[in-house]
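Atoms considered below: every heavy atom in the structure, side chains included; atoms not considered: hydrogens, waters and symmetry mates.
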Amino acid sequence: MSRLEAAEQAVRRALEKDSDNAVILDHLGDILAKRGRVAEALQVWQRALKGEDEEEELDRPRGGGEDP
């Protein structure tokens, strides 16, 4: 089993416990993109933008479309 496949499985297990965690979703998107599954990665990243990020670890766009 490749390291990316193992990483994907581990991240998916983490999502079973916390399916709205934006950071976990972001990591899954990264893994999927590296595995060549770009369309699926884009969907996961979109979910990450809507997900929970209590520690504000993700660099999300700010409201109003203005640059920071």
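Residues forming a side-chain hydrogen bond (donor to acceptor under 3.5 Å, both in side chains) with E40 (at least two apart in sequence, or on another chain): R12, R37. Under the side-chain contact (heavy atoms from CB on, under 4.5 Å) criterion, A7 pairs with I31, sequence neighbours left out.
Atom CD in E8 sits 13.0 Å away from atom NZ in K34 (nearest 0.5 Å). A distance of 9.5 Å separates CZ of R47 from CD of Q43, quoted to the nearest 0.5 Å. Between atom CG of residue D20 and atom CG of residue L25 there is a gap of 7.5 Å, rounded to the nearest 0.5 Å.
Grouping the Ile, Leu, Val, Met, Phe, Trp and Tyr side chains by contacts below 4.5 angstrom, directly or via other members, places V44 with L15.
For the pairing with D26, the side-chain contact (heavy atoms from CB on, under 4.5 Å) check across D30, V23, I24, L28 returns one residue only, D30.
In terms of heavy-atom proximity, A41 sits nearest to G29 at CB-O, 3.3 Å. Summarising the geometry of A48 relative to A22, their closest heavy-atom pair is O-CB, 3.1 Å, with the distance given to 0.1 Å.
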